[in-house]
Trainee: 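One structure, pasted below without further comment.
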Amino acid sequence: MRPLPRRFYRLDSRELAPLLLNKVLVLGPCRARIVEVEAYGGTDDAGSHAFRGRTARNAAMFADAGHLYVYFTYGMHWCANVVAGPAGDPGAVLLRAAAPVAGLDAMRARRPTARLDRDLCRGPARLSAAFGIDGRLDGADLVDRRGPWLADDGTPPPSEPGVSRRIGLTRGADHPWRWFVPGDPHRSRPG
DNA sequence: ACCGGGATGTTCT
DNA sequence: GAACATCCCGGTG
């Protein structure tokens, strides 16, 4: 399998997000099928880190599409996003949950508190922890295949993905910009 | 099952 | 000083 090409990512984050469902995140021995995502925009989106313009933290959101935006939150967790849209046009898709398919031993070693395999990548910070993603991968290129990348194994996105409001926000919480694979047990939550 | 609270430190007001 | 794109643990039912 090969990485998805740069042009795949050059879409508005709200268009790209549902297309990432059922794609496979690859990093080292670890692989997991993406089952839940959220879209974050620019100055039109009060819930986005880019809402008030570029800062040191969100710089990767302004990079060209097909890079990783990794941020630190709640004093202990890392979360990983796929940067969307053309360079200078901020937008990203938060990877919220995935179904592990390979490298489960490495994931378990990094996530000792996960009691079930289905919990290894169930949540954005858990997913990042399972893959060992932290600030060192902020800005990483998803196309050059030197680090994390995304694969299409032939499974299409769901024809009718589940949609809901985004989780964990106060500002910008009303937009229906979360998508998931309906019924998948690896989602961070049912709805 | 659901709920409440604590952890922990960067970012922004 | 408050908020934060979260998670874990211990309570109760």
Side-chain angles (χ1 to χ4, degrees), chain A residues 9 12-18 20-21 25 32 34-63 65 67-85 89-100 107-140 142 148 150 161-181 183 185-191:
Chain A
Y9 299 99
D12 182 273
S13 62
R14 274 97 84 172
E15 299 177 56
L16 176 63
L20 291 178
L21 294 175
L25 175 64
I34 296 166
V35 300
E36 180 184 337
V37 295
E38 282 175 353
Y40 288 85
T43 55
D44 60 332
D45 178 6
S48 172
H49 289 165
F51 182 57
R52 288 181 170 80
R54 181 175 184 144
T55 65
R57 173 173 72 157
N58 67 21
M61 284 187 78
F62 292 76
H67 291 254
L68 211 57
Y69 166 47
V70 182
Y71 69 88
F72 186 64
T73 192
Y74 288 102
M76 61 194 101
H77 300 303
W78 297 98
C79 294
N81 299 253
V82 171
V83 176
D89 185 2
V93 179
L94 175 66
L95 303 179
R96 283 200 56 91
M107 295 184 190
R108 291 189 198 103
R110 296 188 191 104
R111 296 249 317 111
T113 63
R115 320 214 0 79
L116 306 171
D117 286 348
R118 66 193 293 189
D119 295 330
L120 286 170
C121 304
R122 209 185 95 238
R126 292 164 170 170
L127 186 159
S128 294
F131 276 81
I133 293 173
D134 63 22
R136 293 172 300 195
L137 287 177
D138 185 36
L142 294 170
L150 291 182
V163 185
S164 80
R165 304 184 349 167
R166 296 178 294 185
I167 293 172
L169 290 82
T170 53
R171 301 182 328 231
D174 292 339
H175 302 292
W177 291 342
R178 169 177 175 257
W179 290 268
F180 53 91
V181 177
H186 305 277
R187 287 167 298 166
S188 69
R189 61 176 69 183

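Labels below follow one simple rule: chain letters A, B, ... track the order of the sequence lines, proteins then strands, and each chain is numbered from 1.
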Trainee: Within a 6.0 Å radius of atom CZ on A:Arg118, are there more than 12 heavy atoms belonging to other residues, nucleotides or ligands?
Mentor: no

Trainee: Check whether the ring centres of A:Tyr71 and A:His49 lie less than 6.0 Å apart, and answer yes or no.
Mentor: yes

Trainee: Does A:Arg136 have more than 12 heavy atoms from other residues, nucleotides or ligands lying within 6.0 Å of its CZ?
Mentor: no

Trainee: Locate the shortest heavy-atom distance separating A:Ser188 from A:Ile167; write the atom from each residue and the value.
Mentor: OG-CD1, 4.0 Å

Trainee: Starting at CZ of A:Arg189 and ending at C1' of C:dC7, how long is that distance when rounded to a whole Å?
Mentor: 12 Å

Trainee: To the nearest 0.5 Å, what is the distance between CG (A:Asn58) and CZ (A:Arg52)?
Mentor: 12.0 Å

Trainee: In residues 127-135 of chain A, which ones come under 4.0 Å of DNA chain C, going by heavy atoms?
Mentor: none

Trainee: Nearest-Å distance, CH2 (A:Trp78) to C1' (C:dC7)?
Mentor: 16 Å

Trainee: Over how many whole Å does the gap from A:Arg178 atom CZ to C:dA5 atom C1' extend?
Mentor: 12 Å

Trainee: Using every non-hydrogen atom in the two residues, find where A:Ile34 and A:Leu20 come nearest and quote the distance to one decimal.
Mentor: CB-O, 3.6 Å

Trainee: Return one dot-bracket line describing DNA chain B 5' to 3' (Watson-Crick or G-U wobble pairs, both distances under 3.5 Å; ( ) same strand, [ ] crossing, | another strand, . none).
Mentor: |||||||.||||.

Trainee: May I ask you to say whether A:Asp138 pairs ionically with A:Arg57, meaning some side-chain N is under 4.0 Å from a carboxylate O?
Mentor: no

Trainee: Would you mind classifying the nucleic acid contact of A:Gly168 as base, sugar-phosphate or nothing, using non-hydrogen atoms under 4.0 angstrom?
Mentor: sugar-phosphate

Trainee: Check nucleotides 10-13 of chain B against the protein and report each pair of N or O atoms closer than 3.5 Å, with its distance, or say if there are none.
Mentor:
| residue | atom | partner | partner atom | Å |
| --- | --- | --- | --- | --- |
| B:dC12 | OP1 | A:Thr55 | OG1 | 3.2 |
| B:dT13 | OP1 | A:Arg52 | NE | 3.1 |

Trainee: Is there a side-chain contact between A:Pro124 and A:Leu95, using heavy atoms and a 4.5 Å cut-off?
Mentor: no

Trainee: If you compare all heavy atoms of A:Ala98 against all heavy atoms of A:Ala32, which two are closest, and at what distance to 0.1 Å?
Mentor: CB-CB, 3.6 Å

Trainee: Give every residue pair that meets the side-chain hydrogen bond (donor to acceptor under 3.5 Å, both in side chains) criterion with at least one member in residues 73-84 of chain A, sequence neighbours excluded.
Mentor: none

Trainee: Looking just at side-chain N and O atoms, do A:Ser164 and A:Arg178 make a donor-acceptor pair shorter than 3.5 Å?
Mentor: yes

Trainee: Nearest 0.5 Å, please: how far is OH in A:Tyr40 from NE2 in A:His175?
Mentor: 11.0 Å

Trainee: I'd like a list of close polar pairs between nucleotides 2-7 of chain B and the protein, N/O only, cut-off under 3.5 Å.
Mentor:
none

Trainee: So, applying side-chain contact (heavy atoms from CB on, under 4.5 Å) with A:Leu94, which one of A:Arg166, A:Glu36, A:Glu38 is it?
Mentor: A:Glu38

Trainee: In a check of side-chain contact (heavy atoms from CB on, under 4.5 Å) between A:Cys121 and each of A:His186, A:Arg126, A:Met107, A:Arg96, which one passes?
Mentor: A:Met107

Trainee: Restricting to nitrogen or oxygen on both sides, can you table the protein-nucleotides 8-11 of chain C pairs closer than 3.5 Å?
Mentor:
| residue | atom | partner | partner atom | Å |
| --- | --- | --- | --- | --- |
| C:dC8 | OP1 | A:Arg111 | NH1 | 2.8 |
| C:dC8 | OP1 | A:Thr113 | OG1 | 2.8 |
| C:dC8 | OP2 | A:Arg126 | NE | 2.8 |
| C:dC8 | OP2 | A:Arg126 | NH2 | 2.6 |

Trainee: Are A:Arg165 and A:Trp177 in a cation-pi setup, meaning NZ or CZ lies under 6.0 angstrom from the ring centre and within 45 degrees of the ring axis?
Mentor: no

Trainee: What is the separation between atom CG on A:Leu169 and atom P on C:dC4, rounded to the nearest whole Å?
Mentor: 8 Å

